[in-house]
Engineer: 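Take this structure first; my questions come after.
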Amino acid sequence: NIMKKHHLIFLITTLFVIIFYEQNPGLNIGILGIVVSVLTYFNTEESHKTKAFLALFVMSILSSFAFAWYGDFVSFLAVFTSLFILGFKSKNNDLKSIFVIPVFAINFITFIYRVFQFEQWFPLKKTESFWQKFLAVVLIPALLLLIFFGIYSKGSSHFASFFSDYELDINLWEVIVFAVMGFFLSFNFFNFQIYEFISKQNHYLKNEFLNEEKLTKPTYDFLDLNSERLSGIASFIGLNILLLFFIITFNYEQFVELPKATANQLAEETHERVGAVIGSIVMAIVVIMFYFKGSFNFDKKAKFLKILAQIWVFLNAILVISAMLKNTEYVYYLGLTYKRLGVYAFLSLAIIGLIFTFIKVSKQKTNAYLFNQMFWYVYGTILVCSFINWGGIITSHNLKREDFAANYHFNSVDFNDKQLLEYYQKTNNKEMYKILKDKIIARQNESFLSKVLYDESISFNESK
């Protein structure tokens with residue numbers, strides 16, 4: 001390690017104050033993300049620099065650039081998620097990645113207790129004499145002087161006048177707030193603890209069954225193995241028949257009846273049906289997890305039950321594809337929006353979940369296998385959402401429509417300024433062109449650390 005914990009904590013705290021003081025979120029978060037990623041990489045032991053860690057390091061850098069470019073919530077979520085998974089993997093390769101959520105949630109809560117455990121993060125030995133002296137002679141006195149100078153200046157105008165010629169225009173409370181925030185985040189990032197009770201839960205998230213778990217035995221005391229097997233067969237036969245009829249009626253209503261509906265009816269009906277599909281898929285996966293959580297995976301007499309479960313997964317996949325086709329038709333008739341893109345995202349995750357459910361049944365995987373795999377695909381979805389300019393895609397697509405709603409795209413769609421500028425020029429809408437131009441220029445005139453690089457990429461071609 002090139003730096004010790006307390007060095008990293010104080011360095012990032014100082015950087016946090018410098019880059020966020022009197023600034024809006026923008027380049028500063030991107031810079032912070034890159035610095036933290038690089039420091040984490042160089043302070044990680046070689047044994048922990050696995051392929052997964054290196055991939056996360058790259059994603060942390062890329063998501064930091066994404067926030068510097070867009071500066072929106074999705075890219076912030078991508079940076080936040082990438083960094084904390086990277087930090088988690090830098091300390092432990094054995095725990096499943098999904099534990100990153102409870103580990104940091106618990107560390108945030110226990111911060112007020114752990115910060116006083118100096119022996120775990122701050123050196124108390126004489127070998128660190130330089131830093132001890134620097135802290136004792138420089139940092140602590142400087143902080144105290146700064147705090148009491150602010151207090152005394154507020155209480156005595158004559159006292160404040162002694163320093164009027166040397167007055168620094170500093171918002172003391174803002175500095176303190178950012179220092180506390182920076183210390184809180186850096187402390188929890190570089191000095192998090194993985195408590196023993198969490199480590200003990202790791203075996204519950206294994207992907208493969210242990211040998212002793214492969215023995216066929218009843219799951220419940222009130223049902224013997226044969227009864228449980230028959231219950232599963234009866235359930236899946238009934239569910240397959242029910243789902244087959246639902247698919248037929250679902251598609252009839254969507255593609256035969258609904259095209260006659262008005263635009264508002266079409267929107268409402270489509271949303272309801274997509275919600276029903278997503279709910280159906282979630283329940284389908286839960287039911288399969290219920291029946292195939294233990295010995296049924298290895299019961300030689302349960303082959304027919306497996307086939308029925310696989311058929312049910314296949315039929316659910318057909319249901320998802322039907323919903324995707326309807327959403328595509330919806331986009332064709334009414335245009336592209338964030339919600340309709342979100343439907344594609346949810347349905348894509350549903351298909352992925354069904355694929356891993358099929359693999360779970362076929363390859364005799366544990367229920368935890370599904371959670372372990374889906375964790376990464378949800379994270380990947382966040383990354384994809386942060387890297388791509390969906391607002392630009394929505395506007396470019398809808399500009400091809402005769403009923404293009406300019407006001408909607410101006411007020412409700414982000415990062416489409418280039419497309420709208422071109423549209424206002426083409427339609428000779430000088431008023432809206434000037435309003436949008438002034439809005440962009442105001443953002444471009446932000447201070448350096450508050451800038452969003454997307455705004456810097458916009459130029460005004462007045463010759464058109």
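The model shown is predicted, which means the values in this text are computed figures rather than measured ones.
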Engineer: For residues Asn429 and Glu431, determine if any side-chain heavy atom of one lies less than 4.5 Å from a side-chain heavy atom of the other.
Structural biologist: yes

Engineer: How close do Ile281 and Ala350 get, heavy atom to heavy atom, and via which atoms?
Structural biologist: CG2-CB, 3.9 Å

Engineer: For Asn24, does its backbone N or O pair with a side-chain atom of Ser450 as donor and acceptor, under 3.5 Å?
Structural biologist: yes

Engineer: Between Asp72 and Ser75, is any side-chain donor less than 3.5 angstrom from a side-chain acceptor?
Structural biologist: yes

Engineer: Around Phe404, counting heavy atoms of other residues, nucleotides and ligands shown, do more than 12 lie under 6.0 Å from its CZ?
Structural biologist: yes

Engineer: Quick one: list whatever passes side-chain contact (heavy atoms from CB on, under 4.5 Å) with Ile441, sequence neighbours left out.
Structural biologist: Lys437, Gln444, Asn445, Phe460

Engineer: For the pair Tyr70 (side chain) and Asn389 (backbone), establish whether a donor and an acceptor sit closer than 3.5 Å, ignoring hydrogens and angles.
Structural biologist: yes

Engineer: Of the non-hydrogen atoms in Leu347 and Val277, which two are nearest, and what is the gap between them?
Structural biologist: CD2-CG1, 4.2 Å

Engineer: Measuring only between side-chain heavy atoms, which start at C-beta, is Gln120 closer than 4.5 Å to Gln193?
Structural biologist: yes

Engineer: Sub-3.5 Å donor-acceptor pair from the side chain of Thr366 to the main-chain atoms of Lys206, do we have one?
Structural biologist: yes

Engineer: Are the side chains of Ile12 and Leu39 in contact, using a 4.5 Å heavy-atom criterion?
Structural biologist: yes

Engineer: For Lys365, which residues count as a salt bridge (charged side-chain N to carboxylate O under 4.0 Å, His left out) partner, sequence neighbours excluded?
Structural biologist: Glu208

Engineer: Looking only at heavy atoms, what is the nearest atom pair of Leu383 and Met59, with distance?
Structural biologist: CD1-SD, 3.5 Å

Engineer: Step by step, would you call Tyr21 with Phe178 a ring pair (Phe, Tyr, Trp, His ring centres under 6.0 Å)?
Structural biologist: CA-CA 7 Å; Tyr21 177 74; Phe178 281 128; 7.4 Å; no

Engineer: Can you check whether Glu456 reaches Trp69 side chain to side chain, under 4.5 Å on heavy atoms?
Structural biologist: no

Engineer: Restricting to non-hydrogen atoms, name the atom on Gly33 and the atom on Ser37 that form the minimum distance, rounded to 0.1 Å.
Structural biologist: O-OG, 2.7 Å

Engineer: Taking all heavy atoms of Leu95 and all of Ser199, pick out the closest pair and write down the distance.
Structural biologist: CD2-CA, 3.9 Å

Engineer: Given 3.5 Å as the limit, does a donor-acceptor pair link the side chain of Trp390 with the main chain of Cys385, or not?
Structural biologist: yes

Engineer: Check the pair Lys418, Ser457 against side chain to side chain donor-acceptor pair (under 3.5 Å), reporting the backbone distance first and the verdict last.
Structural biologist: CA-CA 9 Å; Lys418 296 176 183 178; Ser457 70; 3.2 Å; yes

Engineer: Around atom CZ of Phe65, are there more than 12 heavy atoms from other residues, nucleotides or ligands closer than 6.0 Å?
Structural biologist: no

Engineer: Is any NZ, NE, NH1 or NH2 atom of the basic residue among Asp438 and Arg443 found under 4.0 Å from an Asp or Glu carboxylate oxygen of the other?
Structural biologist: no

Engineer: Would Asp455 and Lys451 pass as an ion pair if we require N to O under 4.0 Å?
Structural biologist: no

Engineer: With ring pair (Phe, Tyr, Trp, His ring centres under 6.0 Å) as the criterion, how do His6 and Phe190 come out once you've worked through the C-alpha distance, each side chain's angles and the decisive distance to 0.1 Å?
Structural biologist: CA-CA 9 Å; His6 62 290; Phe190 292 111; over 10 Å; no

Engineer: Look up atom CD1 in Ile351 and atom CG in Asn316, then write down how far apart they are to the nearest 0.5 Å.
Structural biologist: 9.0 Å

Engineer: Kindly indicate, with the supporting measurements, whether the criterion side-chain contact (heavy atoms from CB on, under 4.5 Å) is fulfilled by Phe99 and Ile194.
Structural biologist: CA-CA 9 Å; Phe99 276 120; Ile194 300 175; over 6 Å; no

Engineer: Would Val331 and His397 count as a side-chain contact (heavy atoms from CB on, under 4.5 Å) here? Give the steps.
Structural biologist: CA-CA 10 Å; Val331 168; His397 177 273; 3.8 Å; yes

Engineer: Would you check if there is a donor-acceptor pair between the side chains of Tyr113 and Gln117 at a distance under 3.5 Å?
Structural biologist: yes

Engineer: Could you tell me whether a side-chain N or O of Asn28 sits under 3.5 Å from a main-chain N or O of Gly26, the two making a donor and an acceptor?
Structural biologist: yes

Engineer: Run the side-chain contact (heavy atoms from CB on, under 4.5 Å) check on Asn327 and Tyr330 step by step: do they pass?
Structural biologist: CA-CA 5 Å; Asn327 195 52; Tyr330 188 24; 3.9 Å; yes

Engineer: Is a salt bridge present between Lys200 and Glu196, judged by a nitrogen-to-oxygen distance below 4.0 Å?
Structural biologist: yes

Engineer: Tell me whether the rings of Phe104 and Phe189 are parallel (<30°), tilted (30 to 60°) or perpendicular (>60°).
Structural biologist: parallel

Engineer: To the closest 0.5 Å, what do you measure between CZ (Phe76) and OG1 (Thr81)?
Structural biologist: 9.0 Å

Engineer: Has Arg114 got a side-chain atom pairing as donor or acceptor with Asn191's backbone, closer than 3.5 angstrom?
Structural biologist: yes

Engineer: Can you list the steps and then say if Phe184 with Thr13 is a side-chain contact (heavy atoms from CB on, under 4.5 Å)?
Structural biologist: CA-CA 8 Å; Phe184 174 81; Thr13 301; over 6 Å; no

Engineer: Does a sphere of radius 6.0 Å around CG in Asn407 hold more than 12 heavy atoms from other residues, nucleotides or ligands, not counting ones at 6.0 Å or beyond?
Structural biologist: no

Engineer: Please confirm whether the ring centroid of Trp376 lies under 6.0 Å from the ring centroid of Phe356.
Structural biologist: no

Engineer: Is there side-chain contact between Thr40 and Phe57, with at least one heavy-atom pair below 4.5 Å?
Structural biologist: no

Engineer: Would you call Lys49-Glu46 a salt bridge at under 4.0 Å N-O?
Structural biologist: yes

Engineer: To the nearest 0.5 angstrom, please state how far the OG atom of Ser186 sits from the CZ atom of Phe10.
Structural biologist: 8.5 Å

Engineer: Do Phe88 and Phe84 make the cut of ring centroids closer than 6.0 angstrom?
Structural biologist: no

Engineer: To the nearest 0.5 Å, tell me how far Ile29 CD1 sits from Phe67 CZ.
Structural biologist: 3.5 Å

Engineer: To the nearest 0.5 Å, how far apart are CD in Glu174 and CD1 in Ile176?
Structural biologist: 11.0 Å

Engineer: Hey, are the side chains of Tyr454 and Asp417 touching, using non-hydrogen atoms and a 4.5 Å cut-off?
Structural biologist: yes

Engineer: Is there a donor-acceptor contact under 3.5 Å from the side chain of Lys360 to the main chain of Ile288?
Structural biologist: no

Engineer: When you measure from the side chain of Arg340 to the backbone N and O of Gly335, does any donor-acceptor pair fall under 3.5 Å?
Structural biologist: yes

Engineer: Judged by atom type as modelled, is there a donor-acceptor pair below 3.5 Å linking the side chain of Asn372 to the main-chain atoms of Ala368?
Structural biologist: yes

Engineer: Look at atom OH of Tyr377 and say whether more than 12 heavy atoms of other residues, nucleotides or ligands are closer to it than 6.0 Å.
Structural biologist: no

Engineer: Is the closest side-chain heavy-atom distance between Phe20 and Leu32 below 4.5 Å?
Structural biologist: yes

Engineer: When you look at CZ of Phe410, are more than 12 heavy atoms from neighbouring residues, nucleotides or ligands closer to it than 6.0 Å?
Structural biologist: yes

Engineer: Using a 4.5 Å cut-off on heavy atoms from C-beta on, say whether the side chain of Asn93 contacts that of Phe53.
Structural biologist: no

Engineer: Measure the CG-CG distance between Leu83 and Leu56 for me, rounded to the nearest 0.5 Å.
Structural biologist: 10.0 Å

Engineer: Does one side chain, of Ser82 or Tyr379, offer a donor that lies under 3.5 Å from an acceptor on the other?
Structural biologist: yes

Engineer: Please confirm whether the backbone N or O of Thr395 pairs with a side-chain atom of His409, one donor and one acceptor, at under 3.5 Å?
Structural biologist: no

Engineer: If you look at every heavy atom in Ala406 and Tyr424, which pair is closest and at what distance?
Structural biologist: O-OH, 4.2 Å

